[in-house]
Number of protein chains: 2
Amino acid sequence: MNYDWLFSFVAFADRLNFTRAAEELHITQPALHAQIRKLSEDVGATLYRREGRSLVLSPEGRRLAAFGREVQARGSDVLAELRGEDTRGPVILASGQGAFLYLLGPAIKRFPKERWPLRALSMSGPDTIEAVRDARADVGVAVLANTPSDLDCRTMRRVGQTVLLPRGHRLSKRRSLKPGDLDTESIVVAPEGSPHRVMLSQALATAGAKWSVAVEATGWELVIQFARYGLGVAVVNDFCPVPRGLVGVRLEGVPDVEYHVVTRPGAERESRDTLVRMILESAA
Amino acid sequence: MNYDWLFSFVAFADRLNFTRAAEELHITQPALHAQIRKLSEDVGATLYRREGRSLVLSPEGRRLAAFGREVQARGSDVLAELRGEDTRGPVILASGQGAFLYLLGPAIKRFPKERWPLRALSMSGPDTIEAVRDARADVGVAVLANTPSDLDCRTMRRVGQTVLLPRGHRLSKRRSLKPGDLDTESIVVAPEGSPHRVMLSQALATAGAKWSVAVEATGWELVIQFARYGLGVAVVNDFCPVPRGLVGVRLEGVPDVEYHVVTRPGAERESRDTLVRMILESAA
DNA sequence: TCTTGGCTATCACTGGACGTTATAGTTGAG
DNA sequence: CTCAACTATAACGTCCAGTGATAGCCAAGA
């Protein structure tokens, strides 16, 4: 296997666009195309296919790109070591916005970034898993419904749900709430299809509660902001700080969600493992 | 970094001889020499130096060669996977003769060799550690005096010492012996400088026992054979089966030796980890 | 001491692999 | 149907990796 071609393929896999990837590599598009065709012949597998006007990687292509990224990461570590530099290759941490804002702060602060530059990628939960699987990220933090068997998952923290209410709201004096208590409420929710929205609407339906969508918002911060504006009540993870002017009441009777730290087996590196350790410690 | 040059360097590092390595690679010696010079300039480190008429790797060279071997191993695994072959790259197990003969048999039998071809390297204890460190072996089994901090070591099994005596020997009816009991004996021993010899002569000296060398022999099998010939008594690890015609009596008052399984951190692979697991299970 | 064998290191030269430019093919939007 | 954006293929040129020849180095043995 020709590793120049492999690394070119990684650049292609990152963008799925020959023209752009070729620019990135400072070669022309036909040159890149030839490399990838030869790589494909070499490994004896088709690496991508057309889908309409865009290109998508085949499973083999994804696997190969992941391998290439891994080699690059290790290679830059080794190179830095050999050259006596004290900063190694970067560690890439992927996670949702919520975890970055409220869960990962302490670990990120403690992490020795002068030794291992930290690169943070904010994305959705499912994308986080994919990013780790494809070696686009070294560490992922996400809520897992079903734990993928090909990745290492360690539970980081369980979080419950909190209902954010205006100060004078009829429910604001309660010690805790059940889904049924939100009957007739207008609620600020995450977009249709997101895990949090699914969980919430299911719990409310089970309890027989009638409710309406106040606003759809993406990201905890926005949800909280809209609740502050008084557009409706909000149901958020209990790690979110309750903002001034609102009251937080625990919501019982909904399943706790579990944040997990996800890594690729076989991609052990000192930098990565240190980050994982710090994340788990900070959650304890 | 140019990975063609890196792999050429691995071939060179395996033999420390440009001419032979070049033959192996099917290129000429000047071509190989040029590759390695350029690689050295690229990484900014001298990779080897002359020592008399032979060449030795620098620490940087060793590190780089280890990295190259690791990439090759992972690469062949990935390639086999992509091509849908069901046998992956080989796993390399390094160990002393004794462990191979008496300790590793069950694990080696159980190991799925059709899936991961097993390559066994027989060498001395210290060489075993070096082989693992340089990624010339994936797994090493050896007696460790001081555990190296840069490798993962897991204790596999403690073994005591047994004295092998002819059937009619004055000590052959005893339940156990102490080093002092071997006073005046003629003993079949391992060569001067070997760990076992050092341990034994130290124990005997501490006990004030006078003894003489019957024969020096390399390897447990030979030691036992000479004891069967009646050339002297032998002190062997208690995992050695007592041969017909001899009696085995436990030797107390000498330190147990500990066999360890040694691996390289960061070189995790399914094949390797399976082998390690089987070795540890078979020792339990 | 000198010779010899085995190897490394360096040079000038050459062929082919890889990159370039040019262009045809493909796809979907307007 | 045309256009824009991109992929795929072809012909051509260039630079670099490999070759053969040879000088340099070292140690063993005559």
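Note on naming: letters A, B, ... go to the chains in the order of the sequence lines (proteins, then strands), and numbering restarts at 1 for each one. In what follows, every heavy atom counts, from backbone to side chain, and hydrogens, waters and symmetry copies are set aside.
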Just how far, in rounded Å, is P of D/dT9 from CD1 of A/Ile36? 14 Å

If I take atom OH in residue A/Tyr3 and atom C1' in nucleotide C/dC18, what distance separates them, rounded to the nearest angstrom? 20 Å

Measure the distance from NE2 on A/His26 to P on C/dT20 and round it to the nearest whole Å. 12 Å

Contact class for B/Asp4 vs. all strands (heavy atom < 4.0 Å): base, sugar-phosphate, or nothing? nothing

Separation of atom CG in B/Leu55 from atom P in C/dT8, rounded to whole Å: 6 Å

OP1, OP2 of D/dA8 versus side-chain N and O of A/His33: anything below 4.0 Å? yes

B/Phe18 CZ to D/dT22 P: how many Å, rounded? 22 Å

Parallel, tilted or perpendicular: rings of B/Phe12 and B/Phe9 (30°, 60°): tilted

The test is side chain to side chain contact (heavy atoms under 4.5 Å, CB included); show your working for B/Thr274 and B/Phe111 and say whether it passes. CA-CA 8 Å; B/Thr274 303; B/Phe111 187 75; 4.2 Å; yes

Expressed as a whole number of angstroms, how long is the span from A/Leu16:CG to D/dC6:C1'? 13 Å

Are the side chains of A/Arg197 and A/Val213 in contact, using a 4.5 Å heavy-atom criterion? yes

Of the listed nucleotides (D/dG18, D/dA8, C/dC7), which one gets closest to any side-chain atom of B/Ala31? D/dG18

Sugar-phosphate, base or nothing in reach of B/Phe12, heavy atoms under 4.0 Å: nothing

Can you run down the side-chain hydrogen bond (donor to acceptor under 3.5 Å, both in side chains) pairs that involve residues 65-78 of chain A, sequence neighbours left out, and say none if there aren't any? A/Asp14-A/Arg69, A/Glu70-A/Arg264, A/Asp77-A/Arg269

May I have the distance from A/Asn2 (atom CG) to D/dA17 (atom P), rounded to whole angstrom? 12 Å

On a plain distance test, is the side chain of B/Gln35 in donor-acceptor contact with the base of D/dA17 below 3.5 Å? no

Any side-chain N or O of A/Lys38 below 4.0 angstrom from OP1/OP2 of C/dC18? yes

For A/Val132 and A/Ile129, what are the C-alpha separation, side-chain angles and deciding distance, and is it a side chain to side chain contact (heavy atoms under 4.5 Å, CB included)? CA-CA 5 Å; A/Val132 173; A/Ile129 307 301; 6.0 Å; no

Quick note, ring-ring contact (aromatic ring centres under 6.0 Å, His included) partners involving residues 75-99 of chain A, not counting sequence neighbours, are none

Over 60° means perpendicular and under 30° means parallel, so tell me whether A/Tyr3 and A/Phe7 are parallel, tilted or perpendicular. perpendicular

Taking the side chain of A/Ile27 as its heavy atoms from C-beta onward, which of C/dT20, D/dT9, D/dC6 lies nearest to it? C/dT20

Give a yes/no answer on whether the side chain of A/Arg20 brings an N or O atom under 4.0 Å of OP1 or OP2 in D/dC6. yes

Nearest to side-chain heavy atoms of A/Thr28, which nucleotide of D/dC6, C/dG19, C/dC7: C/dG19

Does the pair B/Glu23/B/Arg20 count as a salt bridge with the N-to-O cut at 4.0 Å? no

Using whole Å, report how far CD of B/Gln29 lies from P of D/dA23. 15 Å

Closest-nucleotide mapping onto DNA chain C: is B/Tyr48 or A/Leu32 further toward the 5' terminus? I mean the 5' end. B/Tyr48

Under 3.5 Å between N/O atoms: give me all the protein pairs with nucleotides 24-30 of chain C, atom names plus distance.
residue, atom, partner, partner atom, Å
C/dT27, O2, A/Arg53, NH2, 3.3

What nucleotide among D/dG20, C/dC18, C/dT20 has an atom nearest to a side-chain atom of B/Pro30? D/dG20

